[in-house]
Amino acid sequence: MDSSPKHPRFRVAIDIGGTFTDIVFLDAEGRLHTKKVSSSVEDYARAIVDGLREVFDETGLGGGDVVEVLHGTTVASNALLELRGARTGLITTRGFRDVLEIRRLRMPRLYDLTWEKPPTLVERRLRMEVDERIDVRGAVQQALDDGEVERALDRLLAQGIEALAVCLLNAWANPVHEERIKAIVERRVPGLPLCTSSEVLPEMREYERTSTTVINTYVLPIVRRYLATLRTGLDGIAVQGPLLIMQSNGGLMTAEAAAARPMHIIESGPAAGVVGAQALAPRLGFDKLITFDMGGTTAKASIVEDGAISRATEYQVGGGIMHGSRLLTGAGYLLRVPAIDLAEVGAGGGSIVWRDAGGALQVGPRSAGASPGPLCYDLGGTEPTVTDANVILGYLNPTALAGGAVKLNPARSHEVFQERIAEPMGLTLAEAAYGAHLIAASNMMRAMRAVSSERGRDPREYALFAFGGNGPLFAAGMARALEMARVVIPPAPGLFSAFGLLYSEVEHHYVRTWRRLTRGLDPAELTEAFGRLEGEARAQLAAEGFPGAAARIARSADCRYQGQSFELTVPVTESVTLEEAFGREHERTYGHRAGADEPVEIVSLRVVGQGLSDRPRVPDRVQIDRGAGGAAAARRVYFGPQAGWIVTPILSRGDLATPRHGPAVIEEYDATCVVPPGARAGLDASGNIVMEV
């Protein structure tokens, strides 16, 4: 690939949100072109292709200048949330037909007798049983009858299934019966989308394995169709570069791999920003970050420690928004695949401000979304939102946002907020708006505590890395409340999730149940078990253009004290024994470790294979094509009952080249940053705003 000055080579990152699709072009010199276009909900691929065409028209580039397309998408999660997946059938062992229905008997709301489980993705009449039995050591106890499989398949086909999941008891220990069923289905119905649990998730625990296999099958035809449509659209504008999709775990996978294992791209959207923060951490000189991403409807927090992202081995989709304690689970569909450990709350710029039956002020989780949006957008909204509160307080430009693209009507915010909130509560307009702002902030701090103090981490030891359209506005106040000393705001914070895609590497995760006690373990046996997983990882990466030294392998193991119900994942290294690594992690997570005589058990082995690029993914210095400063030199801003209203300078990011003390408001094309009185803000060498609170 020659990159002569005449033909710049661009990598393109595309992040789809519910309201906007963000597009970022980056070349090897660090030049950036950014574009926000409205998402086309009925066909997401159309907005992407139209947006790329617009960038080509504006810049004179063409499809041949694009070497790689990176994409974060909500297509798979939307199919689950809206229950619009394929009509899926399930074949399972006799007696295990209702595993999906029984679940784990966990309640997301302890005392709510009216709570109902979400409907199963496979209704009962599409779940078929066959006689077979393999024991926990993999020995066949009862052979499979091929005739019975054919009869079950005929009944499912008569019901019009579009995809088939197969999940037999103990197939993780021996997949022979699942492989037989797969051969029968491929012979009888070639082309029917089919997933077997021994290929999707060779791990013990019936419910987790069945749920994950069914989710993969349920979204498979939809993801396959979407990726094919997008590829055709890209080919139509002469973009021939490979299409790589963001996974929930923060790595990229090829479109072909995503079409086979869509379970890895369910939480594709929120992962990219955390990866961007991880990549910037060493350049910032911070080894501990809490990331905070606040958009229009949700706010998400995660953690980066010692250059590593915190990952969960399973999560739930579609159970409403999870916040605060992780103990109350069971609301959604369980997916046992590695994902970036995010805590999410229903708080964003569009969150509705309301009074409950007792007259107390509440914020969210309902949102005015993009349509009708906040009152000040003047698009027919009737309920006050967090954005309206921020306009009243003077934090947001009262005339326009997004470089003038969104015109505002602040009088509408003032009028409705006064009538609905301030008067009934006996408050001044500023006090009511500031109260709403503080409640929104405290809701979001619950998410930040869920990934820090609830995990045995002290937030005061971390810097707050804030992005998203609303993150920089709330960051300083939240950091102050949590006693965090530093806040970092990256360039183009409102587009940072798309930007984060550019930092990701191709990555594949493999897991296998392998139960052994760590004492008396034969090292050769462990090496051989890891070797089999590593072989799969290296073969996959080599096929994608990362042979030999271009592949990096990391090993870890899920461990527990013998008799515990849950495991912790710990890295497997030469320097520390597994027992010691597990003891340290147990103490950090739960505040204690067992005595030396308590046996530690390995439950599963994990391998991550990463394809390493031959050059840095993103240059050190990035130039953004949209400078945007505030039009006004100053305006009145309210900083709480003690400081009151202060005439505050309105700056652009470049004005912080000389550090200055607050108060100040920094206005940009895609976000607004508030520096409160008593804080100090300046730019670092890479153009990030670094605030000392």
Side-chain angles (χ1 to χ4, degrees), residues 294 296 299 347-355 361-364 368 373-378 381 383-402 406 408-423 425-445 466 468-481 487 489 630-651 662-668 671-679 681 691 693:
M294 181 185 178
S351 294
I352 288 167
V353 180
W354 54 287
R355 288 165 52 247
L361 195 58
Q362 304 282 349
V363 174
L375 295 164
C376 56
Y377 283 18
D378 227 357
E383 298 182 272
T385 67
V386 171
T387 291
D388 294 305
N390 289 332
V391 165
I392 291 165
L393 296 168
Y395 299 150
L396 290 175
N397 187 322
T399 55
L401 297 175
V406 181
L408 298 188
N409 175 1
R412 183 111 178 83
S413 302
H414 285 76
E415 178 191 321
V416 179
F417 226 93
Q418 178 73 33
E419 174 193 320
R420 293 272 187 93
I421 309 294
E423 275 175 20
M425 297 187 75
L427 299 172
T428 66
L429 183 58
E431 286 168 345
Y434 193 69
H437 177 89
L438 288 183
I439 290 169
S442 72
N443 286 348
M444 295 183 291
M445 285 191 290
N470 283 295
L473 194 153
F474 279 89
M478 288 166 55
R480 193 166 270 177
V487 176
I489 315 288
R635 66 170 172 262
R636 290 173 77 241
V637 180
Y638 188 77
F639 287 102
Q642 287 180 314
W645 289 96
I646 300 176
V647 176
T648 300
I650 308 301
L651 311 172
V665 173
I666 294 96
E667 289 185 355
E668 304 190 72
T672 299
C673 174
V674 173
V675 184
M691 211 187 306
V693 180

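The figures here come from the full heavy-atom set of this structure, side chains too, leaving out hydrogens, waters and symmetry mates. Values in this document were obtained by computation on a predicted structure and should not be read as measured data.
- Here the CG-NE2 distance, from L393 to H437, works out to 7.0 Å after rounding to the nearest 0.5 Å.
- Y638 contributes no side-chain N or O that, together with a main-chain N or O of Y395, makes up a donor-acceptor pair within less than 3.5 Å.
- From C376, atom SG reaches atom NE2 of H414 across 10.5 Å, with rounding to the nearest 0.5 Å.
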Would M425 and E431 count as a side chain to side chain contact (heavy atoms under 4.5 Å, CB included) here? Give the steps.
CA-CA 10 Å; M425 297 187 75; E431 286 168 345; over 6 Å; no
Full working for side chain to side chain contact (heavy atoms under 4.5 Å, CB included) between L396 and L473
CA-CA 9 Å; L396 290 175; L473 194 153; 3.6 Å; yes
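- Between M691 and P676 there is a side-chain heavy-atom pair separated by less than 4.5 Å.
- Residues P663 and P677 form a side-chain contact, since some pair of their non-hydrogen atoms from C-beta on lies under 4.5 Å apart.
- Taking each heavy atom of R480 and G678 in turn, the nearest pair found is NH2-C, 3.8 Å.
- A475 and I489 make their closest contact through CB-CD1, 4.4 Å (heavy atoms, listed as atom of the first residue, atom of the second, distance).
- The shortest heavy-atom contact between P384 and L375 is CA-CD1, 3.5 Å.
- Between atom CD of residue E423 and atom CG of residue L429 there is a gap of 9.5 Å, rounded to the nearest 0.5 Å.
- Residues Y377 and L408 are in side-chain contact: their nearest non-hydrogen atoms beyond the backbone lie under 4.5 Å apart.
- Nearest heavy-atom pair across L361 and A436 is CD2-N, 3.7 Å.
- Remark: side-chain polar atoms of R412 are paired, donor with acceptor, to backbone N or O of G381 under 3.5 angstrom.
- Partners of L438 according to the side chain to side chain contact (heavy atoms under 4.5 Å, CB included) rule, which considers only residues two or more places apart in sequence or in another chain, are Y434.
- Taken from CG in N390 to OG1 in T672, the straight-line distance is 9.0 Å, to the nearest 0.5 Å.
- A donor-acceptor contact under 3.5 angstrom links the side chains of D388 and T385, judged on distance only.
- Distance alone, capped at 3.5 Å, is enough to place a donor-acceptor pair between the T387 side chain and the G349 backbone.
- The two residues A432 and L427 make their nearest non-hydrogen contact at CA-CD1, 4.0 Å.
- The backbone N or O of E667 sits nowhere less than 3.5 Å from a side-chain atom of N397 that would complete a donor-acceptor pair.
- The distance from atom CZ of R635 to atom CD1 of I650, rounded to the nearest 0.5 Å, is 3.5 Å.
- Residues passing the side-chain hydrogen bond (donor to acceptor under 3.5 Å, both in side chains) test with S442, sequence neighbours excluded: none.
- Interatomic distance, CE of M444 versus CE of M478, reported as 5.0 Å (0.5 Å rounding).
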Residue pair V693, V487: steps toward the side chain to side chain contact (heavy atoms under 4.5 Å, CB included) verdict:
CA-CA 7 Å; V693 180; V487 176; 3.7 Å; yes
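- The shortest heavy-atom contact between A389 and A433 is CB-O, 3.7 Å.
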